[in-house]
Amino acid sequence: MTNQGGIIFSILVWTAQEWKEQGLITQEVAQIWKIGEQGDKVFTIILPGDVQYDTENEEQTRVS
């Protein structure tokens, strides 16, 4: 989801195995939360980290 050209959050879908192997370490280095599971899928929401963008780039600064 974006707000005035910036990313507010992203939803990522992991396999259960990927989440089991990488979820804890990812939570240590990023603002990510598990929001649900269905079958072999794990759904997460992640906030942007140190986001940088070019203020001269119309695509990155466009207001929707």
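Small disclaimer: the values here were computed from a predicted structure and weren't measured.
A continuous path of hydrophobic side-chain contacts links L47 to V13 [ILVMFWY only; heavy atoms under 4.5 Å]. In the hydrophobic cluster analysis, where Ile, Leu, Val, Met, Phe, Trp and Tyr join through side-chain heavy atoms closer than 4.5 angstrom, I46 is grouped apart from I8.
Side-chain polar atoms of T44 and W14 form a donor-acceptor pair below 3.5 angstrom.
Of all heavy-atom pairs spanning I35 and I45, the tightest one is CG2-CG2, 3.6 Å.
In this structure, E37 and F43 have side chains that are not in contact, with every pair of non-hydrogen atoms separated by 4.5 Å or more. Residues K34 and W19 form a side-chain contact, since some pair of their non-hydrogen atoms from C-beta on lies under 4.5 Å apart.
Taken to the nearest 0.5 Å, the NZ atom of K41 stands 10.5 Å off from the CD atom of Q38. The line from CG of L24 to CD of Q27 is 6.0 Å long, rounded to the nearest 0.5 Å.
With hydrogens and angles ignored, the 3.5 Å screen pairs a side-chain donor or acceptor of E18 with a backbone N or O of T15.
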